[in-house]
Amino acid sequence: MLEKLKQIEKEALASLQAVGDQESLQQWKVKYLGRSSPLMKTFDALKELSKEERPVIGKYANQIKQALESTYEGISDRLRQSDLATTLQAEGLDVTLQGRPAPRGRLHPTTLTLREIYRAFAEMGFQVYRSREVETDEYNFELLNMPTHHPARDMWDTFHTTTPGVLLRTHTSPGQIHVMRQYCPEPIRVILPGMCYRYEQVSARKETQFNQVEGLAVGQDITMGDLKGTLTDFARRMFGPEVRTRFRASHFPFTEPSAEMDVECFICGGIGCAVCAGSGWLEILGCGMVHPVVLRNGGYDPHKYMGYAFGLGPERITMLRHHIQDIRYFWTNDMRFLEQF
Ligand code: PHE
């Protein structure tokens with residue numbers, strides 16, 4: 001019996017040394033340490049041995065088992081190491097290489113400008129009010145003091161839907177009526193941002209869709225002085241504390257008096273350049289005191305209430321700031337343009 005065990009050990013160790021890969025190692029394990037291996041069978045056969053033989057053979061068989069197992073572990077380890085080395089070599093994995101960059105989105109330049117505008121007005125106590133992009137003729141024109149056939153409608157080329165009287169708003173001003181009707185007779189101080197649409201021949205200066213930010217303040221003692229002060233302060237918050245502003249008389253059917261505000265050209269500092277067409281000034285918004293007819297249409301008694309309104313174009317401001325020559329860039333989704341912001 002002892003002889004037989006010695007034989008088993010010798011054979012097992014010899015063939016273990018010859019093993020060269022994981023697969024033959026597993027086969028070796030089954031053959032020499034598996035349930036039906038000669039060594040394991042010896043354990044089964046122990047009970048047939050005499051009382052004297054049993055502990056001797058048993059102890060010896062155990063020693064062999066431990067020896068085989070530890071040699072097996074050693075070889076298994078060595079194989080794993082060399083396998084790893086081979087794959088590393090073959091696949092040329094360089095763990096110091098940078099990972100693939102996950103593409104990160106970014107905010108659209110208009111959104112960035114819009115957020116600055118919101119912040120500037122929020123600091124002055126204006127709340128953001130959202131209103132619809134699909135409007136009725138009544139809200140877009142009629143209630144803003146532009147009856148059908150009013151020549152002022154020519155300033156706004158309009159997209160009409162197939163439903164008569166329903167159109168895409170050409171400006172954010174119809175929002176004035178919505179806020180007034182919702183909050184009357186409360187005082188109001190809001191800005192109304194959003195998309196507007198005009199039926200335009202698309203060019204470097206004109207697009208069929210663009211944003212506007214409308215502003216509206218209504219109360220019992222609101223004057224043109226408040227309008228000028230607020231908008232001048234806005235310009236300083238937006239373009240820097242030193243920036244100069246000027247108001248020029250203008251005309252809108254829904255404000256009286258009406259004005260346009262220019263800021264000193266922040267490209268050339270007022271000397272005159274290509275961006276300001278040599279004038280030293282950039283026009284950034286239209287404004288005025290809310291027309292009594294519009295106040296009444298909003299539910300306010302024009303004898304008791306007054307208000308001012310303004311409308312500005314975030315794309316235009318973005319273009320002026322970043323020297324963008326063509327408004328079409330805002331909608332062409334060209335990554336070379338968008339990635340610059
Ligand atoms: N709605 C005007 C436009 O689109 C701008 C404006 C708004 C002017 C409010 C005065 C008051 O040109």
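One-based numbering, in listed order, for ligands and for the atoms of each.
- Between the side chain of H171 and the backbone N or O of Y197 there is no donor-acceptor pair closer than 3.5 Å.
- At a 4.0 Å heavy-atom cut-off, ligand 1 does not touch R169 at all.
- Annotation: H108 is not in aromatic contact with F341 [ring centroid separation under 6.0 Å not met].
- When hydrogens are left out, the protein atom nearest atom 12 (O) of ligand 1 is F252 CE2, 3.9 Å; that is the closest non-hydrogen contact.
- Protein heavy atom at the shortest distance from atom 2 (C) of ligand 1 is F254 CZ, 3.8 Å.
- Numbered from 1 in the order shown, with element, the atoms of ligand 1 that lie under 4.0 Å from a heavy atom of Q212 read 3 (C), 4 (O).
- Shortest contact from atom 9 (C) of ligand 1 to any protein heavy atom: E214 OE2, 3.3 Å.
- Close approach of ligand 1 to G286 is summarised as follows: ligand atoms under 4.0 Å from at least one heavy atom of the residue are 6 (C), 8 (C), 10 (C).
- Checked by distance only, ligand 1 and Q176 stay at 3.5 Å or farther apart across all their nitrogen or oxygen atoms.
- For ligand 1, the atoms sitting less than 4.0 Å from at least one non-hydrogen atom of S173 are 1 (N), 7 (C), numbered in the order shown with element in parentheses.
- F141 and H150 have their aromatic ring centers separated by at least 6.0 angstrom.
- Under the 4.0 angstrom criterion for non-hydrogen atoms, M155 is not in contact with ligand 1.
- In C287, the part holding a heavy atom less than 4.0 Å from any atom of ligand 1 is the backbone.
- A 4.5 Å side-chain heavy-atom check between Y72 and K29 finds at least one atom pair inside the cut-off.
- Distances between N or O atoms of T170 and those of ligand 1 include no value under 3.5 Å.
- Of the N and O atoms on the side chains of T113 and T318, at least one donor lies less than 3.5 Å from an acceptor on the other residue.
- Interface atoms of ligand 1 facing T255, defined by a heavy-atom separation under 4.0 Å, are 11 (C).
- Test V213, N211, T172, I191 against L312 for side-chain contact (heavy atoms from CB on, under 4.5 Å) and you get one pass: V213.
- Close approach of ligand 1 to G311 (heavy-atom distance below 4.0 Å) involves ligand atoms 6 (C), 7 (C), 9 (C).
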Begin with the C-alpha distance, continue with both residues' side-chain angles, and end with the deciding distance and a verdict on salt bridge (charged side-chain N to carboxylate O under 4.0 Å, His left out) for K41 and D44. CA-CA 5 Å; K41 288 247 165 72; D44 294 341; over 6 Å; no

Evaluation steps, salt bridge (charged side-chain N to carboxylate O under 4.0 Å, His left out), between D301 and R296: CA-CA 6 Å; D301 177 356; R296 185 173 299 116; 5.8 Å; no

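- Of all the atoms in ligand 1, the ones that sit under 4.0 Å from a non-hydrogen atom of F310 are 7 (C), 9 (C), 11 (C).
- Classified by interplanar angle (parallel below 30°, tilted 30° to 60°, perpendicular above 60°), the ring pair Y308/F310 is parallel.
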